[in-house]
Protein chains: 2
Amino acid sequence: MAKKPVAREDALPAIAEVFREYGYEGASLALIGARTGLGKGSLYHAFPNGKAEMAEAVLDAIGGWFEDKVYAPLRDDPDPRAAIRLMLSETDAYFRSGRRICLVGAFALTEGRDGFADRIAGYFRDWRAALAQALLRAGRPAAEADSLAEDAVLTIQGGLVLARALADPAVFGRMLGRLEGRLVSV
Amino acid sequence: MAKKPVAREDALPAIAEVFREYGYEGASLALIGARTGLGKGSLYHAFPNGKAEMAEAVLDAIGGWFEDKVYAPLRDDPDPRAAIRLMLSETDAYFRSGRRICLVGAFALTEGRDGFADRIAGYFRDWRAALAQALLRAGRPAAEADSLAEDAVLTIQGGLVLARALADPAVFGRMLGRLEGRLVSV
DNA sequence: TATATTCTGTACCGATCGGTACAAACAAGC
DNA sequence: GCTTGTTTGTACCGATCGGTACAGAATATA
């Protein structure tokens with residue numbers, strides 16, 4: 001009884017990967033079933049609202065991961081510079097040094113008429129706010145902190161787009177290097 | 001006779017807009033037909049290879065537009081600083097100050113297994129190369145010119161992603177302002 | 001006008017889409 | 001054992017997908 005949540009959590013990474021590779025429209029239930037090893041019966045048992053609920057769960061999982069691993073340290077770490085450096089290294093690891101794209105960013109560019117818009121906006125808003133707060137605590141003037149934070153969040157997304165477009169993950173690494181120079185005084 | 005090219009060119013902007021809004025998978029022929037006012041007969045007469053050919057034509061048209069309006073001046077204008085400023089203003093106009101996304105960037109994030117990869121890579125490679133050349137001519141050291149050019153191209157893409165994700169076009173304008181400061185010494 | 005060619009609307013194709021129904025398989029409690 | 005409830009595979013649904021066939025409308029050459 002009540003093993004539903006377990007099956008959900010177990011399947012989420014595979015589902016996320018399918019969305020990442022094929023986009024929301026392109027990720028068919030057949031594909032999701034094949035990659036998770038779950039039949040339609042199991043899939044609809046774990047996600048009664050179907051594909052939309054799977055996407056919501058994936059976005060929530062991603063948001064939760066970043067909240068725990070990145071935003072919270074940015075907000076709470078007594079050493080804001082260390083938290084910023086942690087953000088950069090966690091970002092590098094999460095996006096596999098540019099070999100993996102940002103699902104939230106990809107959804108932002110295509111989806112928009114769905115109920116995903118709030119989650120997508122929240123993901124980026126939280127990131128920007130947490131980083132701005134860390135920069136402020138690191139001694140930057142408020143306006144500069146806001147500006148730098150927005151620039152950093154957008155730069156990371158751009159790095160993912162360009163790395164993917166050029167099929168050259170090194171683009172991402174170079175971008176992170178420049179970003180570190182801008183965020184933490186070297 | 002031979003009015004095919006005309007019909008093609010006329011339909012391209014509408015087709016591009018559908019791809020921009022719905023993505024490659026999401027852009028159905030029914031939708032494209034409705035937005036262009038063309039039936040399937042006309043559509044397949046102008047684009048015998050169907051949707052894939054439409055997407056290729058759209059990407060080629062976009063690439064051609066940027067080549068003429070942005071890359072060529074970047075390469076040939078005797079005043080490289082003026083060419084860079086022109087790039088920024090043309091970019092702002094083309095992307096409607098952040099209200100329009102970059103179709104090439106959006107395709108880069110989802111598509112990748114198709115024949116579009118070369119066109120997508122070419123679009124960004126040409127932009128980066130033309131800008132690096134202008135920066136070099138403006139007196140920057142070669143390494144710095146390359147780095148700045150890559151940063152600029154990726155930053156613009158990131159600005160489009162974030163503006164869309166937050167449903168806040170102002171993000172794009174702020175990003176262009178910062179970019180101008182980095183590219184042309186104020 | 002007659003004729004050749006280009007264009008286009010409509011009907012249709014098989015495949016696949018997301019989603020549902022449901023019965024067999026399974027597990028837990030007793 | 002039996003019973004109760006959960007989990008799953010499979011068959012199926014109508015809708016829509018991209019694409020094709022083709023006849024008739026339009027257009028151009030003469």
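The sequence lines fix the lettering, A, B, ..., with proteins before strands; numbering per chain opens at 1. Bear in mind the structure is a predicted one, so any value in this text is a computation, not a measurement.
Taking atom CG on A:Asn49 and atom P on C:dG19, their separation rounds to 9 Å, with Å as the unit. Nucleotide D:dT16 holds its P atom 15 Å from the NZ atom of B:Lys51, rounded to whole Å. Regarding B:Leu31, its CG atom lies at a distance of 9 Å from the P atom of D:dG18, rounded to whole Å. The separation between B:Ile32 atom CD1 and D:dG18 atom P is 7 Å, rounded to whole Å. Rounded to an integer number of Å, the gap from B:Glu25 CD to D:dT16 C1' is 14 Å. We find that CE of A:Met54 is positioned 9 Å from P of C:dG18, with the value rounded to whole Å. Taking atom CG of residue A:Leu29 and atom P of nucleotide D:dG9, one finds them 15 Å apart after rounding to whole Å. The distance between atom CG of B:Leu43 and atom P of C:dT8, rounded to the nearest whole Å, is 10 Å.
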Please step through side-chain contact (heavy atoms from CB on, under 4.5 Å) for the pair B:Gln157 and A:Gln157, ending with a clear verdict.
CA-CA 8 Å; B:Gln157 291 299 309; A:Gln157 291 299 309; over 6 Å; no
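Mapping A:Ala30 and A:Gly41 onto DNA chain C by nearest heavy atom places A:Ala30 closer to the 5' end of the strand.
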Show me the donor-acceptor pairs, under 3.5 Å and distance only, between side chains in residues 96-106 of chain A and residues at least two apart or in other chains.
residue	atom	partner	partner atom	Å
A:Ser97	OG	A:Asp92	OD1	3.2
A:Ser97	OG	A:Asp92	OD2	3.3
A:Arg99	NE	A:Arg96	O	3.4
A:Arg100	NH1	A:Tyr94	O	2.9
A:Arg100	NH2	A:Glu17	OE1	3.4

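Using a 4.0 Å heavy-atom cutoff across all strands shown, B:Ala52 reaches no nucleic acid atom at all.
Residue B:Ser42 has its side chain nearest to C:dG9 when only C:dG9, C:dG18, D:dG19 are considered. Of all nucleotides listed (C:dT10, D:dT8, D:dT10), C:dT10 comes nearest to the side chain of B:Lys40.
Counting non-hydrogen atoms of other residues, nucleotides and ligands closer than 6.0 Å to CZ of A:Arg81 gives a total of 12 or fewer.
B:His45 has a side-chain polar atom (N or O) that falls below the 4.0 Å cut-off from OP1 or OP2 of C:dC7.
Residues B:Phe66 and B:Leu74 form no side-chain contact, since every pair of their non-hydrogen atoms from C-beta on lies 4.5 Å or further apart.
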